[in-house]
Amino acid sequence: MARYNARVAEPKWQKVWDQAGLFKAERDDSRAKYYVLEMFPYPSGRIHMGHVRNYTMGDVVARYKKAQGFNILHPMGWDAFGMPAENAAMEQKVHPGKWTYANIDAMRAQMKPLGLSLDWSREFATCDPEYYGQQQALFLDFLQAGLVTRKAAVVNWDPVDMTVLANEQVIDGKGWRSGAPVERRELTQWFFRISDYSEELLAAIDGLKDWPEKVRIMQSNWIGKSRGLQFSFAVKNAPTGFAALEVYTTRPDTLMGASFAAISPDHPLARELERSNPALAAFNADCRRVGTSEEALETAEKRGFDTGLKVVHPLDPNWELPVWVANFVLMDYGTGAIFGSAAHDQRDLDFAHKYGLQVIDCFLPVGSDERVDSTAYSPPKTDPVNYVHTHFGTGKMIGNEGVDLAIAHAERAGYGTGVTKYRLRDWGVSRQRYWGCPIPVVHCDACGVVPENKANLPIRLPEDVTFDRPGNPLDHHPTWAKTTCPNCGKLARRETDTMDTFVDSSWYFARFTAPKATTPTVMEDAAYWMNVDQYIGGVEHAILHLLYSRFFARAMEKTGHLPKTAIEPFKALFTQGMVTHEIYQTRDESGRPIFHLPEDIVWKDEIAYVRDRLLDMSGNPLSDMGGEPLYSMKVEVIPSAKMSKSKKNVVDPDDIIEQYGADTARWFVMSYSPPERVVEWTAAGAVGAWYHLQRVWRIAEEIL
RNA sequence: GCCCGAGUGGCGGAAUGGUAGACGCAGGGGACUCAAAAUCCCCCGCCGCAAGGUGUGCCGGUUCGAGUCCGGCCUCGGGUACCA
């Protein structure tokens, strides 16, 4: 009986499918549609097992729904703008566009043999001018609809390279290339006003019945609706213009436990005070020598500086609190100023202990008289506590009742108001980089900031750029930014910032419904194909990409590019697990890790060794020359690590496909572990999957 | 730090609060065969010759009974707004 030969069978059928145009999607209003989409890949150059898993899942759904009779849309494209192309340009002296399109060609060639049921006729890359030109049109429509704004924002500034750094490029507070400590610097930036949609985006999460619970929780927490009290402290001997210090607190029930006020090093008052206080200026400068990421700010050692200023407690004109500058107060949240209630917040307590500030208990655990010592007492506000020291009453109450009473008291007495705040901030989209979608506005001395004429779109990236010095090549370009004002016709300068690449991926799913259109979308096509019935991708996109896309769909609806029915673009979401592989690591004399490729590892008595690399005259490894093999070093085996080139634990799909065929790889990643869980690639598992296919083949042969 | 997950044999994993490890992979033994492939049967958490003991990351609690519920941890993974 003939054995299954994937190398013959797979190309044969793929050719048949291709020639029949089996997967080409055509709008047909008489038929029910089904739109399957996997998160499109970044063209890094090679596909990896994670891609195979992702696209196979979508393929399974698409084929199943097709068999059920649905009219299927299952497209593929490329998330093609981004930093790696610019890094390649700097390191390999290759144009980002050339690098990107070469990578796309290579990856498409790798994907075709997988036999996915994709409609390749709708393919596009976000770096195609036909795509980003339509994105510029959307930007202009959003601008006109009041969905875009300009304001100051802080960025990571590398003082040596004189360039803005991404958070990823800041390592331990230092620039990744220069090694210089980064500074926080303010720039005027473009923003999408996503925070206007905070309540809407939050409330609509309830309707996302076919999304994983965990993603809905993460999005809810990210938007972060909170009810609290906003009030101002009177500042004694304040600098001009700073007589009142606005603070926001979600725990106004601890107001009687206040022992200090604290402001962010970036707070206007801190900036004002540092002008006449060199020690404070040095402290603030030091605090700013941390990256802008929330993680860096929150995990930095808690430090403070006493400004010497006092504020008056709102409930007692004779009670004064010191004002400190503290590095753990975030300028981006609330008002950038807080009051510290040390007994009921661990950070405040640590800060109070460090600087000898008071600790005043406002409430105790029910049925206990234990006072706070080294651990703050901060139960959830849904828990009952025993209030002992407040301005609104004592005794057992749910925390939220205490908060409500405290807010009511403040509103009655007139020193504060209850406000609802959201953690969600506006979406800053300006990037000081070349390889992105140019922001289509012009700066005119006479007219100010002027939108480009749509007739001039796309505003194309210039081809003749160099990366021999740091910074944005669009700024360095001799002529590109020179233009005329669309308003008055005088000489003007183009905006040289490009858009965040998340913008590109926030509407590609809509573009797939009419990929060649001369407008961003075509209503009839969008109305037929949207929404995406099943969206599949990595959980790492649970918050940003998915939230931005939900906002974008609303903004596109508002500007007439999507129907009302499409404001939740993804009906069902599935988050797949990663494909991982063991890492094999040894160390050099100084203890730095050295990583080894899986094929260089040999196992003996369940211990891994690096295969000896010495070769004999004819090129055979010496270790194979009879007798005991020569093993060099024992290898540390780190299980279940994300595949990455730098760790050398990547298994290339090509090798597997060459050896066993695409269906073996597809079957392995689909069957080895539940789809939402991590799957660890193992050679034994791949062989098992291959045996399984052989069995299926034999059974089919016997039947037919 | 904060938010969200995960943790059960060699491996992937099952188990409405009721016999932990279904099913599968890998492995071991056997049958068939001249031999192999294929197929079929048996064994397979750990300790123990056995009887038996023990066992779902750790500590504690609720319960007649906990992998499952509650509290407190630990480890690993994802995100943390300029990686995509």
Side-chain angles (χ1 to χ4, degrees), chain A residues 1 3 39-44 50 78-85 87 126 153-157 163-170 176 187 189 191 194-195 212-224 291-302 328 330 332-333 346-347 350 375 423-433 436 497-502 504-505 537-548 575 577-578 580 606 638-642 668 671-674 676-680 682-689 691-692 694-695 697-699 701-702:
Chain A
M1 192 183 293
R3 278 170 58 127
M39 292 178 186
F40 66 163
Y42 177 79
S44 56
W78 309 94
D79 187 15
F81 277 134
M83 291 202 303
N87 294 336
T126 56
V154 287
V155 295
N156 303 303
W157 181 255
T163 179
V164 176
L165 297 178
N167 285 335
E168 188 188 53
Q169 299 170 317
V170 179
W176 66 336
L187 292 181
Q189 309 253 59
F191 286 81
I194 189 172
S195 66
E213 178 73 12
K214 62 177 172 183
V215 175
R216 292 189 288 152
I217 293 171
M218 280 190 267
Q219 291 224 349
S220 294
N221 291 342
W222 185 261
I223 295 169
T292 58
S293 77
E294 186 186 301
E295 190 209 356
L297 294 170
E298 289 269 9
T299 55
E301 190 201 348
K302 310 288 174 281
F328 63 84
L330 302 179
D332 287 323
Y333 185 65
Q346 192 61 44
R347 282 186 316 195
D350 295 342
T375 307
R423 210 185 73 97
L424 182 64
R425 308 196 297 258
D426 278 336
W427 174 13
V429 296
S430 295
R431 297 292 181 270
Q432 294 69 46
R433 281 191 264 282
D497 283 354
T498 53
M499 288 184 219
D500 178 7
T501 55
F502 272 122
D504 314 335
S505 55
V539 72
E540 66 271 22
H541 294 295
I543 298 175
L544 294 179
H545 162 60
L546 291 166
L547 191 61
Y548 290 152
T575 55
M578 288 185 301
T580 62
E606 296 186 4
I638 300 163
S640 208
K642 188 175 173 174
F668 177 83
S671 66
Y672 202 67
S673 188
E676 69 277 10
R677 290 243 209 145
V678 163
V679 55
E680 167 127 24
T682 65
V687 172
Y691 285 159
H692 175 85
Q694 293 289 345
R695 214 165 290 147
W697 172 268
R698 272 194 305 272
I699 290 167
E701 287 275 284
E702 281 164 24

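Keep in mind that the numbers below use all heavy atoms, side chains included, and drop hydrogens, waters and symmetry copies. Every chain is numbered from 1 and lettered A, B, ... according to where its sequence line falls, protein lines coming before strand lines.
- A search for side chain to side chain donor-acceptor pair (under 3.5 Å) contacts involving N156(A) returns N167(A), T292(A), not counting sequence neighbours.
- Listed nucleotides A26(B), A84(B), C82(B) differ in distance to H541(A); the shortest reach to its side chain belongs to A84(B).
- Within the 4.0 angstrom heavy-atom criterion, base atoms lie near R423(A).
- Among G77(B), C82(B), A14(B), the nucleotide with an atom closest to any side-chain atom of P674(A) is A14(B).
- Nucleic acid contact class of Q432(A) (heavy atoms, under 4.0 Å, all strands): base.
- Heavy atoms of G538(A) sit nowhere under 4.0 angstrom from any nucleic acid atom.
- Atom P of nucleotide A26(B) and atom CZ of F668(A) are separated by 12 Å, given to the nearest angstrom.
- Computed from coordinates, the L165(A) CG to A81(B) P distance equals 14 Å when rounded to whole Å.
- Considering only side-chain atoms of M578(A), the nucleotide from G78(B), A81(B), G13(B) that sits closest is G78(B).
- Using a 4.0 Å heavy-atom distance criterion, L547(A) is classed as making no nucleic acid contact.
- Note: CG (L544(A)) to P (U80(B)) measures 5 Å, nearest angstrom.
- Contacts of P41(A) with the nucleic acid, taken as non-hydrogen atoms under 4.0 Å apart, are absent.
- Distance noted for atom C1' between C3(B) and G52(B): 48 Å (whole Å).
- At the heavy-atom level, V155(A) lies under 4.0 Å from base atoms of the strands shown.
- For D500(A), taking side-chain heavy atoms from C-beta onward, the closest of the listed nucleotides G13(B), C82(B), A81(B) is C82(B).
- Regarding N156(A), its CG atom lies at a distance of 10 Å from the P atom of A81(B), rounded to whole Å.
- Stems are defined here as 3 or more consecutive Watson-Crick or G-U wobble pairs with pairing distances under 3.5 Å; those involving RNA chain B are B:1-7 with B:74-80, B:10-12 with B:23-25, B:27-31 with B:39-43, B:45-47 with B:52-54, B:57-61 with B:69-73.
- Look at CH2 on W78(A): it is 17 Å from P on A84(B), rounded to the nearest Å.
- Partners of D350(A) by salt bridge (charged side-chain N to carboxylate O under 4.0 Å, His left out), not counting sequence neighbours: none found.
- Legend: residues meeting ring-ring contact (aromatic ring centres under 6.0 Å, His included) with F40(A), ordered by chain and number and at least two apart, are Y508(A).
- Look at CE on M39(A): it is 17 Å from P on C83(B), rounded to the nearest Å.
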Open item on the list: I'd like to compare against my own output: the B/S/- annotation of nucleotides 1-6 of chain B with a strict under-4.0 Å heavy-atom distance to protein.
Closed with: B-SSS-
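- In this structure, the ring-ring contact (aromatic ring centres under 6.0 Å, His included) partners of F502(A), at least two apart in sequence or on a different chain, are Y548(A).
- Note: CD (E680(A)) to C1' (C25(B)) measures 14 Å, nearest angstrom.
- V679(A) has its side chain within reach of F668(A): a pair of non-hydrogen atoms, C-beta onward, lies under 4.5 Å apart.
- Atom CZ in F81(A) sits roughly 17 Å away from atom C1' in C83(B) (whole-Å rounding).
- Looking at heavy-atom distances under 4.0 Å, Y691(A) makes contact with sugar-phosphate atoms alone, never a base.
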TODO: Decide salt bridge (charged side-chain N to carboxylate O under 4.0 Å, His left out) for E676(A) and K214(A); before the verdict, give the C-alpha distance in whole Å, the side-chain angles of both, and the deciding distance to 0.1 Å.
DONE: CA-CA 12 Å; E676(A) 69 277 10; K214(A) 62 177 172 183; over 6 Å; no
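- Within the 4.0 Å cut-off from OP1 or OP2 of C82(B), at least one side-chain nitrogen or oxygen of R431(A) is found.
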